[in-house]
Amino acid sequence: MRIARFSIDGNVAFGAVEGDRPDELVLDIIKGIPFADFELSGTKVPLSKVRLLPPVLPNKVVAYGRNYADHAKELGNEVPDVPFAFFKPSTSVIGSGDEIQYPSFSADVHHEAELAVVIGRMCREVPRERVKDVIFGYTCANDVTARDVQKREKQWARAKGFDTSCPLGPWVETGLDLETASDLTVQLTVNGEQRQLGRTSEMIHSIEDLIVNISEAMTLLPGDVILTGTPAGVGPLTVGDEVAVTIEGIGTLTNKVVKRG
């Protein structure tokens, strides 16, 4: 099931996305919230009539760096022996169709296409064999990064945590099992030109590795998001660019870059 979060006529709701053709997609509005038992209301609205919001409002976004060898190599970094985590604040999250605001303190902002894992239940110290039980679903992410700031500051809080630096969407796909999610095509285009192309099977540390790693240290809550790293091909974005992340079996996350005004 594809579950989207959206607004219509000033109201915010979750809905199940139905249909195959992009111009014919509809939302069946969900009664309640998707992290608990819910029912479909049967009330349907065309996707074209709503504004898509970030599919979840995470308490925290835990991101992992240098999790694809070719990406680490392209930036001249060593591959870490253990998963390498950092955070993006909830204020960095935007949805598909929202604008990425180019920060005034950077002159070199890059795109990073990533598979995002959405947590479905409160959990801590998750054993490897239980990882699949705590995953709600998967969505597309763009770990937008002020590369020049990242290079000159030891901490990445500003470089990767600025407002609008974490596009998520367009929805959460709950129908993928862990094995399938571990071998999906990840692609990113800028103005229709392919920049990144990889597979989640190229990750150095698996989805299980990452969730075991972070849940050893902290409690994960429903709606929390784990970013799993980006394949090679990262590069600059400029004002006016349209950047799209497409992940096999999930969908396409599209955002336009604008000047912060």
Side-chain angles (χ1 to χ4, degrees), residues 2 4 6 17 20-25 47-48 50-55 61 63 65 67-68 70-76 88 92-116 138-151 158-173 184-200 202 225 227-261:
R2 294 167 293 177
F6 65 95
V17 182
D20 297 316
R21 294 180 45 154
D23 58 343
E24 296 179 352
L25 297 179
L47 189 66
S48 60
V50 309
R51 178 193 169 198
L52 284 177
L53 301 173
V61 177
N67 200 28
Y68 288 73
D70 286 347
H71 168 59
K73 182 179 179 181
E74 72 180 346
L75 295 183
K88 294 174 83 79
S92 69
V93 174
I94 59 174
S96 189
D98 290 339
E99 295 174 336
I100 299 169
Q101 297 179 7
Y102 204 109
S104 58
F105 56 86
S106 173
D108 189 25
V109 171
H110 282 204
H111 56 75
E112 296 192 7
E114 310 205 7
L115 174 71
Y138 303 88
T139 192
C140 306
N142 192 347
D143 176 20
V144 183
T145 302
R147 193 71 70 200
D148 48 353
V149 178
Q150 183 187 26
K151 290 178 180 178
R158 294 193 337 133
K160 286 180 171 285
F162 61 89
D163 290 355
T164 75
S165 67
C166 189
L168 297 174
W171 41 65
V172 179
E173 173 57 71
L184 299 174
T185 300
V186 179
Q187 178 179 246
L188 181 141
T189 63
V190 177
N191 303 324
E193 177 186 349
Q194 183 176 289
R195 295 276 190 87
Q196 291 183 266
L197 181 64
R199 297 194 69 82
T200 56
E202 298 168 0
V225 172
L227 302 189
T228 58
T230 192
V234 301
L237 293 169
T238 60
V239 172
D241 283 344
E242 184 175 84
V243 56
V245 178
T246 301
I247 300 181
E248 177 185 3
I250 298 176
T252 299
L253 164 70
T254 304
N255 303 91
K256 190 168 184 178
V257 183
V258 302
K259 183 178 180 180
R260 179 182 286 182

So, does D148 use its side chain to make a donor-acceptor pair with the main chain of A107 at under 3.5 Å?
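Yes: the side chain of D148 pairs with the backbone of A107.
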side-chain contact (heavy atoms from CB on, under 4.5 Å) for L253 and T139? Distances and angles first, verdict last.
CA-CA 9 Å; L253 164 70; T139 192; over 6 Å; no
How about [X] and [Y]: do any of their side-chain heavy atoms sit closer than 4.5 Å?
X	Y	result
P103	R260	yes
Y138	T200	no
D108	P236	yes
I100	V243	yes
H111	D241	no
R147	L75	yes
T164	V144	no
Q196	V186	no

Minimal non-hydrogen separation, [X] against [Y], with atom names:
X	Y	value
W171	I250	NE1-O, 2.8 Å
P231	A113	CD-O, 3.4 Å
D20	L25	N-CD2, 3.9 Å
Y102	V239	CB-CG2, 4.1 Å
N67	G229	CB-CA, 4.2 Å

How long is the gap from [atom1] on [X] to [atom2] on [Y], to the nearest 0.5 Å?
X	Y	atom1	atom2	answer
L168	S92	CG	OG	8.0 Å
H110	Q150	NE2	CD	9.5 Å
S96	N255	OG	CG	6.0 Å
T228	Y68	OG1	OH	5.0 Å
R158	T145	CZ	OG1	14.0 Å
D143	K88	CG	NZ	4.0 Å

What pairs of residues pass the salt bridge (Lys or Arg N to Asp or Glu O under 4.0 Å) test when at least one of them lies in residues 92-102, not counting sequence neighbours?
R51-D98
Assess whether side-chain contact (heavy atoms from CB on, under 4.5 Å) is satisfied between I247 and E173, documenting all intermediate values.
CA-CA 11 Å; I247 300 181; E173 173 57 71; over 6 Å; no
Residues D70, E202; criterion side-chain contact (heavy atoms from CB on, under 4.5 Å); working and verdict:
CA-CA 9 Å; D70 286 347; E202 298 168 0; 5.7 Å; no
Applying the side chain to side chain contact (heavy atoms under 4.5 Å, CB included) test to C140, which of V245, T246, V172 qualifies?
V245
Chi angles and distances behind the side-chain contact (heavy atoms from CB on, under 4.5 Å) call for L47, L52
CA-CA 8 Å; L47 189 66; L52 284 177; 3.8 Å; yes
Contacts of E248 that satisfy side-chain contact (heavy atoms from CB on, under 4.5 Å) - sequence neighbours left out
L184, T185, R199
